[in-house]
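The first residue of the sequence shown is numbered 1, and numbering continues consecutively from there. Note that this is a predicted model, so its numbers are computed, not measured.
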Amino acid sequence: MTKNLQTGISTTGITRRSMLKTTAAAALIGAVKAAFPSGAFAAGAGPEVKGAKLGFIALTDSAPLIIAKEKGFFDKHGLPETDVAKQASWGATRDNLVLGGAANGIDGAHILSPLPYLMHTGKVTQNNKPVPMAILARLNLDSQGISVAKEYADTGVQLDSSKLKAAFEKKKAEGKEIKAAMTFPGGTHDLWIRYWLAAGGIDPNKDVSTIVVPPPQMVANMKVGNMDVFCVGEPWNEQLVNQGIGFTAATTGELWKGHPEKALGLRAEWIEQNPNAAKALLMAVMEAQQWCESMDNKAEMADILGKRQWFNVPTKDVLGRLKGDINYGNGREVKATDLYMKFWKDGASYPFKSHDTWFMTENIRWGNLPASTDIKALVNQVNREDIWREAAKDLGVAAADIPASSSRGKETFFDGKVFDPENPSAYLDSLSIKAVS
């Protein structure tokens, strides 16, 4: 008889009794595996946890998380205890992500696409301490808005912001401050309004004061005259128009057609600890995105989002622009445009690295990141499109819906500027208004 040197267990002379014991033990283990498919015995087969703590801001592009909860997609993928909790602001989202779910914060969130990068580099965290983050998916394309106070209606301002220059100069000459509101420094809304102003020759660092206002508070603040222009997602631009307080100069899809917007961001640590759960979470969100994309579901979706526990707004504030019907509030009204929010169509869910490269380049443009930033390395650290591809394969996503490359290639903006993700510095050099020299 010999013994295994590592275990000390006999490897020969197996008796009938020991064989029966082994068979019984195997049967017991099999029963346990069947009863607990996502337990320790099957770490590779199912989620390691029963849920995650996710945050959202009351914006239409948070819909995939809300729909995944309401329609049972989290349950379907083995995460029935997933919590989707409203956050007061993007600052609160950041703070709760820093805490993490285990410390009564959150594990992930519906988030401004640049924010995980700013957290990962420690640019927006307390004591500049980096918090490793990851982006698993984009949540949507298009359908944010740049809105203007009613007092500027006579300027005729739309896509060309230069029509505001004279009115701004007159107001400043009277000793009044021009305030442009966005939702978080370096976030998508900050970048859209800066791009729009700068394209019209208005320097967002010198000609206006940029202020931070949480999305749900935009309309109320413009109503009392706290801002001249703002950029935010829906339903707040539509609500502004419905209340007769201001008008939409342009939707962001008019600035950059098919632009990336929010993302599904998670703490990198949570993904490392729960790789199966992270993929399951992503699959649930992807299925919800497919549901959200269908025009047949828009009315129900607007009803769900309008509920008290989600947005607490009238359905009409959500529905119009979801379908591409846009009342700009300045005499312009269009129906069934292709400027509606995309959740799945046109690769909306896939997190293109080229898009994150633009977000980082714009943050360098406005001084939020140093010019020496290794953009490619940073994007490769945070963007986990590899997990998206794995989830898509497991979900049976059609090959036509899976991008062949992590780059969407060159992007052209409304003012004719072209961004080549292979040469960000050339794009920066082409811009006349910027914080960097």
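Ion pairing between a basic and an acidic side chain is recognised when a charged N comes within 4.0 Å of a carboxylate O; E238 and R321 show such pairing. The pair K342-E261 does not count as a salt bridge, with every side-chain nitrogen at least 4.0 angstrom from each carboxylate oxygen. Salt-bridge annotation for E390 and K393: absent, with no side-chain N of the basic residue lying under 4.0 Å from a carboxylate O of the acidic one. Taking a cutoff of 4.0 Å between a charged side-chain nitrogen and a carboxylate oxygen, E422 and K410 do not qualify as a salt bridge. D394 has no carboxylate O lying under 4.0 Å from a charged side-chain N of R389, or vice versa, which leaves the two without a salt bridge.
The number of heavy atoms from other shown groups lying within 6.0 Å of NZ (K223) does not exceed 12. Within a 6.0 Å radius of NZ in K376, no more than 12 heavy atoms belonging to other residues, nucleotides or ligands are found.
From E411, atom CD reaches atom CH2 of W256 across 5.0 Å, with rounding to the nearest 0.5 Å. The line from CD1 of I146 to OG1 of T248 is 9.5 Å long, rounded to the nearest 0.5 Å. Within the model, atoms OG1 of T357 and CG of L378 stand 9.0 Å from one another, a figure rounded to the nearest 0.5 Å. Between the OG1 atom of T412 and the NZ atom of K257 there is a distance of 13.0 Å, given to the nearest 0.5 Å. From W236, atom CH2 reaches atom CD of Q217 across 10.0 Å, with rounding to the nearest 0.5 Å.
By the 6.0 Å and 45° rule, K417 does not stack over the aromatic ring of F419.
Side chain to side chain, N423 and S425 meet the donor-acceptor criterion of an N or O pair below 3.5 Å.
Between the N140 side chain and the M341 main chain, no donor and acceptor come within less than 3.5 Å of each other. With hydrogens and angles ignored, the 3.5 Å screen pairs no side-chain donor or acceptor of W366 with any backbone N or O of K434. For T121 (side chain) and Y117 (main-chain N/O), a donor-acceptor pair under 3.5 Å exists by modelled atom type. A donor-acceptor pair under 3.5 Å links the side-chain atoms of N274 to the main chain of W270, judged by distance alone. Remark: the backbone N or O of A336 is not paired with any side-chain donor or acceptor of K323 at under 3.5 angstrom. Looking only at distances, a side-chain donor or acceptor of N327 sits under 3.5 Å from a matching main-chain atom of G329. Distance alone, capped at 3.5 Å, places no donor-acceptor pair between the E385 side chain and the P351 backbone. Looking only at distances, a side-chain donor or acceptor of N330 sits under 3.5 Å from a matching main-chain atom of R332. Under a 3.5 Å cut-off, the side chain of Q289 and the backbone N or O of P64 do not form any donor-acceptor pair.
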Could you walk me through whether L164 and V229 pass side-chain contact (heavy atoms from CB on, under 4.5 Å), step by step? CA-CA 10 Å; L164 288 172; V229 298; 4.2 Å; yes
Go through it in stages, so that I can follow the logic: the residues are T210 and R194, the test is side-chain contact (heavy atoms from CB on, under 4.5 Å), and I'd like the CA-CA distance, side-chain angles, deciding distance and then a yes or no. CA-CA 9 Å; T210 54; R194 285 175 176 274; 3.7 Å; yes
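In summary, the aromatic rings of H259 and W358 are positioned with their centroids too far apart to meet the 6.0 Å limit. Aromatic pair F73/W291: centroids not less than 6.0 angstrom apart.
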